[in-house]
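Have a look at the structure below, then the notes.
Start at 1 with the first residue, then count along the sequence.
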Amino acid sequence: MRLKKDVRKFSFLGFAALLLWIKTYIVYKTCFDIDIENWHQELILFINPLSFLLILFGFSLFFKSQRAHHRYIIIASFLASFVLAANVIFYRFFNDFLTLPVLFQMSNMGDLGGSVAELLNVSDFLLFSDVLLLWAVSRWKRKETTRAFHVPLKLKAAFYTCVLVVFSTNLVLSEVERPELLTRTFDREILVKNLGTYNYHVYDAVLQSKSKAQRALADSSELVEIQNYMQGNREEKKDSLFGVAKGKNVIVISMESTQSFVINQKVNGQEITPFLNQFIKESYYFNQFYHQTGQGKTSDAEFLVDNSLYPLGRGSVFFTHAGNKYYATPTILKRHGYYSAVLHANNKSFWNRDMMYPQFGYDRFFSLSDYDVTPENSVGWGLKDIPFFDQSTEYLRYMPQPFYAKFITLTNHFPFQLGVEDQYIAPYTSESKTLNRYFPTVRYTDEALKHFITKLKQDGLYDNSIIIIYGDHYGISDNHQVAMGQYMGEKVTPFLSTQLQRVPFIIHIPGDRYKGTITNVAGQIDIKPTILHLLGISDEKDVRFGHNLFSLPANNVTVLRNGSFITNDYLYTDTKCYDQHTKKEVSKSFCKPYMNQAKKELEYSDKIIYGDLLRFYN
């Protein structure tokens, strides 16, 4: 009788854990696109929230009154639900899970505005319905909550033994299904699928603590090891383009959220990018060029372009390591007489740019305060691209030459808002409002680029500058696969989803003979060495993972931040290997020779950043 009474003390805890457990599993199946291949993986997905929830609610067993016991469980349930809801909202656009470094970027939230509102659904409030139910039950039994609360030590020990068994079973099953699970920190979906959302966040906190300690423990020998690897994988050739743009200005344009699937394509019978389609014919165009960004999106793209290092798998380097030493393109060009500037009509603190740009060696940052922004010339995230380029050319005209100037556009940013007066083509028609609005904003940016190039010609800068245009990251996430499949005319498979990570990359060099389409696989990490090559700057000991795009090594591998990689013949993603030519899945043995290189490069790059290893670079 006594034992039965003691066991009943677990009823509210068990009820709360059951509700949150079931809710989490429903969220897994309805809000996250987690690939399940067999019943074994389904079982792991089903049980993985349980151990954390039992531990979380288990702390309530140490309270002395039933009221405090109930109150703690309700608060804990609310916090766990909040974490779950935050991941749902974040995943809705980014197709990714939250990390602690991303939470440190909350200072960006003030600028997100309509982007966050666009991601919220009324149904999101249902994620807290179990918390309300627990509160109602607690109120219903409020007379009982005044009683003293005591759980015998033996029952507590039995409870935590059960928790340990559940957690160990989960971990063993996961390790069998995915060996070396805890070393795959670059693939958050695999971690969530096996450990669960809550345990994943605990693991993420451990990683954060570990990363903080890495700098203190780092030494120069680690950098030497990485440099030896780079030298062994570098096949530099001084081809006919070496120094072809020596002494010329460098204009780099970051096209917000622009993917390659819009190039040379139409919507509603009209070209999406008529200017770029023509400009490509007068330039070098790389049609197998991939973005390699992580959670830092545009800031990650900037980091890749200027440093030829991979971004972090968690958060943005711009936030987490703005105090590091870097050897970026502006720093190198300064030694060759170049003035450098960034032009971006946004708050200077957004993505921590005002702290990071000096570390890269930029001389000037033209930010929001340098532009005349009014309700008439702005939309969504700020100044529209056409007035942005108009006002920027005034600064460019008087900039010391030669200069390295980077422009960051804004209009083609989620949620892709644009007034009818600025729409050069009508929206697409599909079930995805995001995809529908995407095409008019891409078309507007294309028109802005045409306007800018015309200005450069009028100001006499066009013939004395190389112009580099790149897409910074995807605009349409995997959450819009049905609509994308409708537009593409084929089902979006993991293979096609990875191919959709291609972004435009164009290099325009003055002179009629510098043009053509290059089909070798490449990525943003290759931009820095390519710019230096064209300017005739040889830096064989530069710490970089990229290669000059005009003399890529035969075994070149383009590695994405999530661990996927692409070669000219194969594509590896989501643990599957595909033939690039047939688009069919093939044996992993074809991709295996490249797996170690992809993993090693991500790990080495992380070591450089976490350990601030470039402070040892001479």
Side-chain angles (χ1 to χ4, degrees), residues 236-255 275-276 278-286 289 302 305-308 327-343 360-364 366 389 392-409 449-470 504-516 518 522 524 526-540 542 544 546-551:
E236 296 300 326
K237 300 174 184 177
K238 290 185 178 180
D239 54 53
S240 60
L241 291 178
F242 180 78
V244 71
K246 187 176 179 65
K248 291 191 180 297
N249 302 315
V250 181
I251 296 173
V252 179
I253 303 170
S254 170
M255 291 193 299
F275 170 72
L276 286 176
Q278 180 58 41
F279 195 63
I280 282 168
K281 296 175 184 178
E282 306 165 6
S283 314
Y284 286 112
Y285 177 58
F286 298 79
F289 188 87
E302 290 189 74
V305 169
D306 279 341
N307 293 277
S308 194
Y327 194 57
T329 301
T331 297
I332 296 172
L333 294 185
K334 195 185 297 287
R335 291 165 38 196
H336 295 267
Y338 274 77
Y339 178 87
S340 58
V342 179
L343 301 97
F360 287 0
Y362 281 103
D363 295 302
R364 180 72 158 84
F366 295 91
F389 282 124
S392 294
T393 51
E394 294 302 313
Y395 296 122
L396 205 61
R397 190 177 295 132
Y398 300 105
M399 199 172 287
Q401 298 190 44
F403 57 71
Y404 175 78
K406 181 168 65 179
F407 297 78
I408 303 173
T409 62
L449 288 169
K450 175 184 176 182
H451 194 73
F452 179 53
I453 297 300
T454 300
K455 283 274 193 179
L456 292 178
K457 291 178 179 178
Q458 292 172 351
D459 292 341
L461 291 171
Y462 184 76
D463 290 327
N464 195 38
S465 305
I466 60 171
I467 301 168
I468 295 169
I469 304 175
Y470 72 92
F505 184 62
I506 304 164
I507 299 178
H508 180 83
I509 305 171
D512 293 335
R513 62 192 182 95
Y514 301 116
K515 57 188 176 182
I518 298 175
Q524 292 165 329
D526 300 310
I527 295 179
K528 175 186 177 182
T530 303
I531 290 175
L532 296 179
H533 182 81
L534 294 174
L535 297 181
I537 298 173
S538 180
D539 201 342
E540 296 177 358
D542 184 20
R544 55 178 169 80
H547 302 275
N548 164 33
L549 286 168
F550 295 101
S551 57

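The distance from atom CG of Asn548 to atom OG of Ser538, rounded to the nearest 0.5 Å, is 10.5 Å. Put simply, CD1 on Ile467 and CD1 on Ile509 are 11.0 Å apart, with the number rounded to the nearest 0.5 Å. For the atom pair CZ of Phe452 and CG of Leu396, the computed distance is 5.5 Å after rounding to the nearest 0.5 Å. Here NE2 of His533 is found 14.0 Å from NE2 of His547. Values are rounded to the nearest 0.5 Å. Ile506 contributes atom CD1, which lies 8.0 Å from atom CG of Leu449 (distance to the nearest 0.5 angstrom). Note that CG of Asp459 and NZ of Lys457 are 13.0 Å apart. Values are rounded to the nearest 0.5 Å.
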Would Leu549 and Ile518 count as a side chain to side chain contact (heavy atoms under 4.5 Å, CB included) if you check the C-alpha gap in whole Å, the side-chain angles of each, and the deciding distance to 0.1 Å?
CA-CA 9 Å; Leu549 286 168; Ile518 298 175; over 6 Å; no

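Under the rule for a salt bridge (charged side-chain N to carboxylate O under 4.0 Å, His left out), the partners of Asp363 that lie at least two apart in sequence or sit in another chain are Lys334. A search for salt bridge (charged side-chain N to carboxylate O under 4.0 Å, His left out) contacts involving Glu282 returns nothing, not counting sequence neighbours.
Nearest heavy atom pair, residue Met399 against residue Ala341, reads CE-CB, 3.9 Å. The heavy-atom pair separating Val250 from Val252 by the smallest distance is CG1-CG2, 3.9 Å. Considering all non-hydrogen atoms of both residues, Gly247 and Pro402 come closest at O-CB, 3.5 Å. Summarising the geometry of Pro330 relative to Ser340, their closest heavy-atom pair is CB-OG, 3.7 Å, with the distance given to 0.1 Å.
Looking at Phe403 and Leu461, their side chains come closer than 4.5 Å, going by heavy atoms from C-beta outward. Looking only at side-chain heavy atoms (C-beta outward), Phe550 and Ile507 come within less than 4.5 Å of each other. Ile251 places none of its side-chain heavy atoms less than 4.5 Å from the side chain of Ile469. The shortest distance between side-chain heavy atoms of Tyr404 and Tyr362 falls below 4.5 Å. Side chains of Thr393 and Gln458 form no contact here, defined as non-hydrogen atoms less than 4.5 Å apart. Using a 4.5 Å cut-off on side-chain heavy atoms (C-beta onward), Tyr338 and Asn249 make no contact. The side-chain heavy atoms of Leu535 and Lys246, taken from C-beta on, include no pair separated by under 4.5 Å. Side chains of His336 and Ile537 form a contact here, defined as non-hydrogen atoms less than 4.5 Å apart.
The residue from Asp542, Thr329, Asn307 that alone fulfils the side-chain hydrogen bond (donor to acceptor under 3.5 Å, both in side chains) condition with Lys528 is Asp542. Shown are Tyr284, Tyr462, Tyr285; of these, the side-chain hydrogen bond (donor to acceptor under 3.5 Å, both in side chains) with His508 is made only by Tyr462.
The distance between the ring centers of Phe366 and Tyr395 falls below 6.0 angstrom.
Ring geometry for Phe389 against Phe407 counts as tilted: the plane angle lies between 30° and 60°, on a 0 to 90° scale. Using bins of under 30°, 30° to 60° and over 60° for the plane-to-plane angle, the ring pair Phe275/Phe279 lands in the parallel bin.
When atom types are taken as modelled, the side chain of Thr331 and the backbone of Tyr327 share no donor-acceptor pair closer than 3.5 angstrom.
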